[in-house]
Amino acid sequence: MGDLSVANVLTTTRTFRRKLDLTRPVPREVIMGCLDLAVHAPSGSNRQGWRFVVIDEPDLRAAIAHYYRLGSAANLSGRVPTPEQLADFESATYLADHLHEVPALVLACQSGRPPTSPAKLASFYGSIFPAVWSFMLALRSQGLGTSLTTAHLAHERAVADVVGLPFDSVTQVALLPVAYLRAGNVSPGARIPAERVTSWNGWTSSEQTQ
Ligand SMILES: Cc1cc2nc3c(=O)[nH]c(=O)nc-3n(C[C@H](O)[C@H](O)[C@H](O)COP(=O)(O)O)c2cc1C
């Protein structure tokens, strides 16, 4: 499976779309094993309000993919990608077109509905996304991959109804399509170096740090 160093896993846990193997089933125990690792993430007051709904039944995947496609089409419509954005744009369209074929869709959820105060909002989402990222890293370390997606949230209530999730007391935060990865190298993504987005002992505008 190649280099499993922390640095490699952290830099190559990419947004996998075209590289997802749509033909290879993912055993439930593999997903559960990764979720077992993910729930070691921190959460505010150690509340652990996360819930995960794994969907591997074809009709349910198709129903969710339908709403994802609607959200994705609305997000992408009217946008003219720059040449640098084109590959990402096309791969996002590919994922939307094939979502129903991905072996498992994982809905990451947080108990409650989003609060309005900035501090509470930070705690609300900050108490689930570390677990989401840990899940993504755990998958990557075992030869699987996913993408952190949110396009379905434009139709959050309809998706909640598909899986019988109580919308009024549980918030979906992300949809993670899980599959084994097709063979091939994975390169780190394009990122602005930390040096350019960091200042010491006081704020420095990013223009000055470049
Ligand atoms: C909060 C969030 C929401 C995202 N929503 C979507 C989405 O709905 N659909 C999608 O295809 N990608 C989605 N992405 C993936 C980003 O487009 C992706 O992380 C970015 O292009 C970097 O890709 P890379 O990690 O492969 O370099 C989302 C990422 C984040 C962090």
Side-chain angles (χ1 to χ4, degrees), residues 2 6-22 38 41 50 52-53 55 61 63-110 114 118 121-141 143-160 162 171-182 184-194 196-197:
V6 171
N8 189 58
V9 172
L10 283 171
T11 53
T12 66
T13 298
R14 302 288 309 277
T15 298
F16 294 110
R17 300 183 184 111
R18 290 184 194 277
K19 218 173 161 50
L20 300 176
D21 186 339
L22 305 179
W50 41 61
F52 303 93
V53 183
I55 299 113
R61 284 184 300 168
I64 290 171
H66 165 74
Y67 292 112
Y68 182 92
R69 264 191 290 281
L70 292 179
S72 177
N75 285 348
L76 299 179
S77 83
R79 272 181 51 191
V80 182
T82 63
E84 301 79 54
Q85 293 169 335
L86 189 61
D88 194 55
F89 194 90
E90 288 177 350
S91 93
T93 304
Y94 169 89
L95 179 66
D97 288 346
H98 293 272
L99 194 70
H100 59 289
E101 299 170 52
V102 182
L105 306 178
V106 178
L107 285 174
C109 308
Q110 173 68 301
L121 197 58
S123 180
F124 183 84
Y125 285 106
S127 293
I128 175 70
F129 276 112
V132 169
W133 181 235
S134 289
F135 179 57
M136 295 171 72
L137 296 172
L139 290 169
R140 175 75 184 113
S141 73
L144 295 93
T146 187
S147 333
L148 196 171
T149 78
T150 49
H152 71 295
L153 293 178
H155 302 276
E156 186 192 347
R157 191 183 284 274
V159 173
V162 170
T171 301
Q172 298 164 55
V173 305
L175 169 62
L176 300 143
V178 173
Y180 279 98
L181 293 180
R182 293 191 284 104
N185 288 337
V186 180
S187 307
R191 300 293 190 264
I192 301 166
R196 282 179 44 194
V197 293

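Counting starts at 1 for both ligands and their atoms, in listed order.
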K.L.:
Using distance alone, decide if ligand 1 has a nitrogen or oxygen within less than 3.5 Å of any nitrogen or oxygen in Y68.
P.N.:
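Yes - when backbone and side-chain N and O of Y68 are compared with those of ligand 1, one distance drops under 3.5 Å.
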K.L.:
Side chain or backbone, does R191 bring an N or O within less than 3.5 Å of an N or O on ligand 1?
P.N.:
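So ligand 1 has an N or O lying under 3.5 Å from an N or O of R191.
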K.L.:
Which heavy atom of the protein is the closest neighbour of atom 12 (N) of ligand 1, given with residue, atom name and distance?
P.N.:
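So the nearest neighbour among protein heavy atoms is R17 NH2, 2.9 Å.
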K.L.:
Is any N or O atom of L148, backbone or side chain, closer than 3.5 Å to an N or O atom of ligand 1?
P.N.:
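Indeed, backbone or side chain, L148 has an N or O that close.
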K.L.:
Please confirm whether H152 comes under 4.0 Å of ligand 1, counting heavy atoms of the residue only.
P.N.:
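The answer is no, since H152 has no heavy atom less than 4.0 Å from ligand 1.
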K.L.:
For A151 and ligand 1, does the shortest N/O to N/O distance drop below 3.5 Å?
P.N.:
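Indeed, backbone or side chain, A151 has an N or O that close.
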K.L.:
Run the salt bridge (Lys or Arg N to Asp or Glu O under 4.0 Å) check on R17 and D88 step by step: do they pass?
P.N.:
CA-CA 10 Å; R17 300 183 184 111; D88 194 55; 2.8 Å; yes
K.L.:
Find the distance between CG (L99) and OG (S72) and round it off to the nearest 0.5 Å.
P.N.:
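Separation between the atoms: 9.5 Å.
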K.L.:
Looking at ligand 1, would F16 count as a contact under a 4.0 Å heavy-atom criterion?
P.N.:
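It does not, in that no heavy atom of F16 comes within the 4.0 Å cut-off of ligand 1.
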K.L.:
Counting non-hydrogen protein atoms only, what is the nearest one to atom 24 (P) of ligand 1? Give residue, atom name and distance.
P.N.:
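Nearest protein contact, heavy atoms only, for atom 24 (P) of ligand 1 is R14 NE, 3.4 Å.
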K.L.:
Does D88 approach ligand 1 within less than 4.0 angstrom via side chain, backbone, both or neither, non-hydrogen atoms only?
P.N.:
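Side chain only; the backbone of D88 stays clear of ligand 1.
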K.L.:
After noting the C-alpha distance and the side-chain angles of V102 and L22, does the key distance pass the side chain to side chain contact (heavy atoms under 4.5 Å, CB included) rule?
P.N.:
CA-CA 5 Å; V102 182; L22 305 179; 3.7 Å; yes
K.L.:
Which donor-acceptor pairs under 3.5 Å do the side chains of residues 127-138 make with protein atoms, sequence neighbours left out?
P.N.:
residue	atom	partner	partner atom	Å
S127	OG	G44	N	2.8
S127	OG	S123	O	2.6
S134	OG	P130	O	3.2

K.L.:
What I'd like to find out is whether the side chain of Q172 reaches to under 4.5 Å of the side chain of L153, using heavy atoms alone.
P.N.:
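They are in contact (side-chain heavy atoms under 4.5 Å apart), so the answer is yes.
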K.L.:
Does an N or O anywhere in T149 fall below 3.5 Å from an N or O of ligand 1?
P.N.:
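No, there is no polar N/O contact under 3.5 Å.
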K.L.:
Y125 versus T171: any side-chain heavy-atom pair under 4.5 Å?
P.N.:
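In contact.
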K.L.:
Considering only non-hydrogen protein atoms, determine which one is nearest to atom 5 (N) of ligand 1 and report residue, atom name and distance to 0.1 Å.
P.N.:
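Atom 5 (N) of ligand 1 sits closest to the protein heavy atom T150 OG1, 3.1 Å.
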K.L.:
Would a 4.5 Å heavy-atom cut-off, applied to side chains only, mark L20 and L181 as touching?
P.N.:
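L20 vs L181: side chains touch.
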K.L.:
What protein heavy atom sits nearest atom 19 (O) of ligand 1, and how far away is it?
P.N.:
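Atom 19 (O) of ligand 1 sits closest to the protein heavy atom T15 OG1, 2.9 Å.
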K.L.:
Are H66 and H155 packed together at the side-chain level, in the sense that at least one heavy-atom pair is separated by less than 4.5 angstrom?
P.N.:
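Not touching, per the 4.5 Å side-chain cut-off.
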